Each structure stands twice: as C-alpha cells, then as structure tokens.
Amino acid sequence: MSFFPDVSAIKYEGPDSKNPLAFRHYNPEEMVEGKSMKDHLRFAVCYWHTFRGTGSDPFGPGCALRPWEDGTDSVEMALKRVDVAFEFMEKLGVPYYCFHDRDIAPEGANLRETNQILDKVVAKLKEAQKRTGIKLLWGTANLFSNPRFVHGASTSCNADVFAYAAAQVKKALEITQELGGENYVFWGGREGYMTLLNTHLKRELDHLGRFLQLAVDYKKKIGFKGTFLIEPKPHEPTSHQYDFDCGNCIAFLRTYGLEKEFKLNIETNHATLAKHTMAHELAYASAYGMLGSIDANRGDLLLGWDTDQFPTDLYLTSQIMLIVLNQGGLGTGGLNFDAKVRRDSFEPIDLFHAHIGGMDAFAQGLKIAAAIRKDGLFDEFIKNRYSSWDRGIGSEIESGKADFESLEKYMLEKGDAEKNVSGRQEYLENVFNRYFR
Ligand code: XUL
Ligand code: CO
C-alpha cells in the first residue's frame, strides 16, 4: 500500500529542469571538494513537523490533509505512521531522520506502560531502517508537552518532575542507541522562567547542570558513542530560556565542567530570535570547536516567534555551508529540516515541495561556498587585514612577550599608531554577490 501514490522517487534532473518534483542542484553522488554532496549535507527529515504537524495555530485547529491518519493517537496509528514516514523519506532520498520520543509513540497510563509502547514502535523503526538504509541522525525527549512539565523539566520547582525527566531521557538515550542514532539532542523546552517573583534562578541553573552531568554519566555507562548536542533558543515558550544562544550555552557548559561532553545544534530561527544572524551563531560555535549540527530552517524576520519555515534563501545557505566547509564538515551532525509547511499548504504533496526546495537550496549553497573557497578572495582579504599581527609588535603581543610597560615604551617612541585602512564592506558584499549567477 502506498501513501504517496502520485509521487515516485525524486531524481536529480539538473539546473534547467522545470519538473517541480525533481532536484535541480542536489545530486547525491556529485563530488564537491572530494566528498559527495550526500556526505557533505547529511540531510534529515524531522518526525514532529512532517509526520505529526497538523497545521494548528492559536487561531484555529489543524487543517492539513493527511489521508492516512485515522484521527487517533493510538499505537496502531503510530505503527502505520512509520510506514508513511519511511515511504516519504525513501522517495525523497534523504539519508537520515530525527524524532522526539513522544512523536513516534503515544503515552500510556504510566511510565512503565509508556516505555512498553515506545519499544513496540522502536522495533518497527529498526526494521524500517534496516529495509531502507535510512539512519537516525538524532533522538531526543519531549520534556515540554505533557502538563507535568508546566514549570520545566530539570529546572522544575517540583523534584519529582526532575526524576520523571531523568527516567524519560534515560529511556530516550537507550532507544537512540538501539537505533544507531549518531547524536542525542537536548533542547531546553520549558527550561527557563517567566517571572523572578516565583523563581530561584541559581537553584534552577544548578539543577540543569546536574541533569546534564547525570546524562553524561549514563551515556558513558551504556557506551553510547553518539555526540551530545545542546540546542540554544532565547525565548519561547518561556520569556527567559536558559540556553539562550551559543555564547550563553558555552559559558554554561564551562561553568559546570561539561564543555568537553557537548557540542551545539544550532537552529536558524533560534539564532534570529536571539537577534543574531545564523552565520554569527555558527561562526561563534565553530571558533570554539562547538559546532556539532544544524536545525535547518528560517524565521519570518517580520514576526517575533519561531515560524520554522523551510530554508530557501541562497545567501543564507551559502553562508552556512561556507562555515561548515571551513571547519571541515559537521562530523556526526547533519542538516535536519526542523521546519514545517505553512498552514495553508495543507496537501501531502506540499511536504515534498518543501523538502525538495530546502535540499536544493543547501546543495546550491554548498556549490557556491566551494567556489568561494576555491578563489580564496575573502580568506586573502582577512589575512591581509590582520597582517600587523604577523610581525613586530603584533606577534610580540600574541606570543605573550609584550606587557603594558613594553607597549607604552613602544608607543612613546613611535608617537602614534599606523594609519587604519578601510574595511571595504560594500566592496566585499559585491564580491560575494558575484557567486550568485
Ligand atoms: C523547538 C525546537 C525543537 C528541537 C528538538 O523550538 O527547535 O523541535 O529541535 O526538541
Ligand atoms: Co530545533
């Protein structure tokens, strides 16, 4: 039985193709800088938006047409959805997927029953992975939808909720390992606060640090080889999310001695909500060796919330791929489309258009980034811009030979600093635009 009977496997047809159900740039085996596009981009489909999204918003219920759904959250429906998901992903030709525990299986009457239901679905996912060769990029736990998490999970004022969250993450780690997951993600959910009038901020932060340490301990105990990733987000659902942005997360991890155990999963819409560009967040994390994976989407810059749209902006995808290539790839990470079709794109075929567009935008971004690197014009410009640090007083400062007294002596003798030269931003922006034909 087919759930997408009108769609066959999506093929690469080249830039001139007008076929909306074909790739114009994503050609999985094409080599770029000696590596296949497939291995550079490591695309993943996310289970939550793509197979659980209904299009509901604060003004109305879901209106997405999903003919395979029977309107229940039953175990049978969860099992059937695995077939839907794998047919979709196989036709799209995507190598990975990602999920939260609660996307793939409904909850039972208590934790024990919930875990048993989860195991049933995991067994079916494992079979589907084996049959199709599609792999798990990362798993995670949903510690925010159930009303028990109203005050947060590890940062809840209710110690029992911390314990529940620990049990849930323990299980989520086990199933991620069982399915060969290459990473495990911690997104803060409701870890944050709305008002200081009811919040012990320091105690909550200490609890978050303790929680992550316990997760690291358990990871080592079971020998889970994947990478642990934290996904920063500044606001939503709380006013003050504890994992605000990359700078904040790195400082937090260092404070609690966890910086060697985690990398970051950086999402475009979260970067822009923090009033950063995605390029800034990626460059910042990469500079500290902390860029692990990417949630590929975009926000609506006119709206102040997380719209999770599919990425189509080539300027954005080429900037992203430039930073990824410059750091030698994403390692175990990948590009996960944490993105949803708009409410008014309610037909199943829209799921294909959305992912094809996102994959093509990143494939084109990859080619543009490789061309930029081949010419090396920006590297050369930056190298020259900082050349005063490669000699004389600059190298004395960098190597630690200079102190305030020697610097004063140097400057008293010289009288004034060398003349500055222009930063040439407009010229450089024009050069960047040359690569978009
Ligand atoms: C929420 C978000 C999540 C994480 C996984 O804004 O991005 O879907 O990616 O929990
Ligand atoms: Co995300």
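All of these numbers come straight from a predicted model, not from anything done at the bench. Whatever order the structure lists them in is the order used to number ligands and atoms, beginning at 1.
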Exercise. Tell me which part of Asp295 gets within contact of ligand 1: side chain, backbone, both or neither, using heavy atoms under 4.0 Å.
Key: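 Asp295 to ligand 1: side-chain contact only, backbone stays beyond 4.0 Å.
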
Quiz prompt | Glu236 and ligand 1 - part of the residue with a heavy-atom distance under 4.0 Å | solution = neither

Quiz item: Relative to the heavy atoms of Lys233, which atoms of ligand 1 are at a distance of less than 4.0 Å?
Solution: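 Matching atoms, with element in brackets: 6 (O).
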
Self-check item: Proximal ligand 1 atoms for Trp48, defined as those under 4.0 Å from one of its heavy atoms
Solution: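 Selected atoms, number and element: 8 (O), 9 (O).
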
Quiz item: Going by distance alone, is a donor N or O of one side chain under 3.5 Å from an acceptor N or O of the other, for Glu261 and Tyr256?
Solution: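 Judged by distance alone, the side chains do not pair up.
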
Output yes when the distance from some N or O of ligand 1 to some N or O of [X] is under 3.5 Å, and no in every other case.
X: Asp306; result: yes
X: Asn265; result: no
X: Trp187; result: no

Test item: [X] side-chain N/O and [Y] main-chain N/O as donor-acceptor pair under 3.5 Å:
X: Ser293; Y: Gly334; answer: yes
X: Ser17; Y: Asn19; answer: yes
X: Asn336; Y: Tyr97; answer: no

Name of the [X] N, O or S atom nearest the Co ion (ligand 2)?
X: Glu267; value: OE1
X: Asp295; value: OD2
X: Asp338; value: OD2
X: Glu231; value: OE2

Quiz item: Which class fits the ring pair Phe228 and Phe262: parallel under 30°, tilted 30 to 60°, perpendicular over 60°?
Solution: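 Ring orientation of Phe228 relative to Phe262: tilted.
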
Exercise. Would you please classify the geometry between the Phe23 ring and the Tyr26 ring as parallel, tilted or perpendicular, with 30° and 60° separating the classes?
Key: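 Ring orientation, 0 to 90° scale: perpendicular.
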
Quiz item: Heavy atom of Val185 under 4.0 Å from ligand 1?
Solution: no

Quiz prompt | Residue-ligand contact His270/ligand 1, heavy atom below 4.0 Å | solution =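 Contact check His270 vs ligand 1: positive.
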
Self-check item: ring pair (Phe, Tyr, Trp, His ring centres under 6.0 Å) between Tyr184 and Phe224, intermediate numbers included
Solution: CA-CA 10 Å; Tyr184 183 88; Phe224 176 64; 7.0 Å; no

Quiz item: To which of Glu231, Gln241, His100 does the heavy atom nearest atom 9 (O) of ligand 1 belong?
Solution: Glu231

Quiz item: Side chains of Phe99 and Thr140: does their closest heavy-atom pair fall under 4.5 Å?
Solution: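 No; the side chains remain at least 4.5 Å from each other.
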
Quiz item: Using 4.0 Å as the upper bound for N to carboxylate O, is an ion pair formed by Lys383 and Asp379?
Solution: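 So Asp379 does not pair with Lys383 through a salt bridge.
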
Quiz item: Do other residues, nucleotides or ligands put more than 12 heavy atoms under 6.0 Å from Lys225 NZ?
Solution: no

Practice problem: For atom 3 (C) of ligand 1, find the nearest protein heavy atom and state the residue, atom name and distance (0.1 Å precision). | Solution: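 Going by distance alone, atom 3 (C) of ligand 1 is nearest to Asp338 OD2, 3.7 Å.
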
